[in-house]
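I have placed the structure first, in the form of structure tokens, so that the comments after it can refer back to it.
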Amino acid sequence: MAVLITATTESRRVAAHRHASSTGVPPRTALDPAAFAPGACVVFAPTSGNRHRTVFLDAGHGGPDPGGQGVTTTGRRIDEKTETLATVLDTTRLLRADGYRVVVSRTGDSAVARLSGSDLSGSVMSTSGERKDLVARARCANLAGAAALVSVHFNLDGYASTGGAITFFDADRSFSARSRTLAGLLQRDIVAALAAHGWHVSDRAATSNSTGGSTLTSEAAAYGHLIILGPRKQGYNDHPSAMPGALVEPLFISNPAEGSIAHSRTGQQAIAAGIARALDQFLTTP
């Protein structure tokens, strides 16, 4: 019964969303405001044409989870959560202009899940809060009925000289072949888009993350997958994402040269163009 209610509710919201588009109201609607943080899990209608396909874009981290902290060549400190959001919003504009319905995990500096005090450790997320937030992102992707999922992150390393782009997919899903295809397209097109602007970053390839994931807790280590891409595990990830997906890390923000690219509008737009191009090819090729 709960599933039927959710589906009916979403249909009504989508109908209202389309009506808003025709009346000049900004075409954005929260899919389930009661379940997600304000400004999270938001749907955007196409701005040109309608391909009748939905893409889910996840801006990694957010709110009390800053993600990694990097640096530019001028010494400016940057937060991963800020650069991922800018990149996702740029990608959203491109995909909407190409006729896609886009659902984003967050539209501002916030968590995706509705957090309580137990989900925080001081001013940052606790490990349980992080898991709750990641599970919420997968839930949003499923609620969206997305045909593809892309989660945007940036990488870090202890050595400032380490750099390059890498894309992850999960090989332990029923649709892993499609996820592998998507990851390969994303890796190729992001690297090419950066190169077109003169940024020749190392191509670290598309790779399976089926034996990776967080090791912050024993539960996470035992799971061994990225939650947003990984399979079901009762009590840990009960409702996994239900569509082909990949997680991109286009640059190392611990590398000042690459951190400067990630922080620049041109760099963010280049990465967004690569993501949008890859998704369009993925969704239009059988």
Side-chain angles (χ1 to χ4, degrees), residues 55-62 65 67-68 80-81 83-84 87-88 91 105 112 125 127 130-142 146-158 162-191 201-254 258 262 271 274-275 278-279 282:
V55 173
F56 176 76
L57 298 177
D58 171 43
H61 307 286
D65 174 13
E80 184 182 3
K81 67 176 181 178
E83 316 310 340
T84 61
T87 303
V88 160
T91 309
S105 60
V112 176
M125 278 189 195
T127 53
E130 288 180 8
R131 182 172 70 87
K132 180 178 179 178
D133 201 52
L134 290 168
V135 167
R137 293 167 199 251
R139 180 184 178 194
C140 177
N142 291 342
L149 175 162
V150 176
S151 182
V152 178
H153 290 251
F154 288 99
N155 221 329
L156 289 104
D157 188 75
T162 302
I166 189 167
T167 303
F168 294 105
F169 67 95
D170 197 299
D172 293 337
R173 306 299 306 276
S174 60
F175 41 75
S176 63
R178 289 290 284 162
S179 292
R180 182 190 296 271
T181 297
L182 174 60
L185 291 170
L186 288 162
Q187 180 71 14
R188 182 198 68 188
D189 289 342
I190 290 171
V191 170
V201 303
S202 174
D203 185 345
R204 292 174 169 264
T207 184
S208 169
N209 191 249
S210 297
T211 58
S214 172
T215 58
L216 292 177
T217 67
S218 57
E219 267 192 311
Y223 180 59
H225 299 263
L226 296 168
I227 288 177
I228 198 163
L229 302 180
R232 181 179 185 273
K233 182 177 181 180
Q234 187 173 359
Y236 190 81
N237 188 11
D238 290 313
H239 303 286
S241 54
M243 69 292 298
L247 184 148
V248 300
E249 293 190 308
L251 300 161
F252 278 75
I253 58 173
S254 50
E258 294 194 1
I271 295 167
I275 295 172
L279 279 165
F282 177 76

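For clarity, every value in this text was computed on a predicted model and none was experimentally measured.
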Does F282 have R178 sitting over its ring (NZ/CZ under 6.0 Å from centre, angle to axis within 45°)?
-> yes

For residues R139 and H239, determine if any side-chain heavy atom of one lies less than 4.5 Å from a side-chain heavy atom of the other.
-> no

Option passing side chain to side chain contact (heavy atoms under 4.5 Å, CB included) with L57 (candidates L149, V152, T91) = T91

Compare all side-chain heavy atoms of D65 with those of K81 and state whether any distance is below 4.5 angstrom.
-> no

pair E219-T127: side-chain heavy atoms closer than 4.5 Å | no

Is a side-chain N or O of T84 found less than 3.5 angstrom from the main chain of G60, in a donor-acceptor match?
-> yes

Donor-acceptor contact below 3.5 Å, side chain D170 vs main chain N209 = no

So, do R232 and D238 sit near enough that their side-chain heavy atoms are less than 4.5 Å apart?
-> yes

Looking only at atom types and distance, does a side-chain atom of Q187 sit under 3.5 Å from a main-chain N or O of A206, one as donor and one as acceptor?
-> no

Can you tell if the side chain of S105 reaches within under 4.5 Å of the side chain of F56, non-hydrogen atoms only?
-> yes

Under 3.5 Å, is there a donor-acceptor pair between the side chain of S241 and the main chain of I228?
-> yes

Side-chain heavy-atom pair F169, T167 within 4.5 angstrom cut-off | no

Can any side-chain N or O of R204 pair as donor or acceptor with the backbone N or O of G163 at less than 3.5 Å?
-> yes

Ignoring hydrogens and geometry, is there a side-chain-to-backbone donor-acceptor pair from N142 to A242 under 3.5 Å?
-> yes

Sorted by chain and residue number, the side-chain hydrogen bond (donor to acceptor under 3.5 Å, both in side chains) partners of E258 (sequence neighbours excluded) come out as none

Is the side chain of R131 donor-acceptor paired with the backbone N or O of Y236 at a distance under 3.5 Å, no angle test?
-> yes

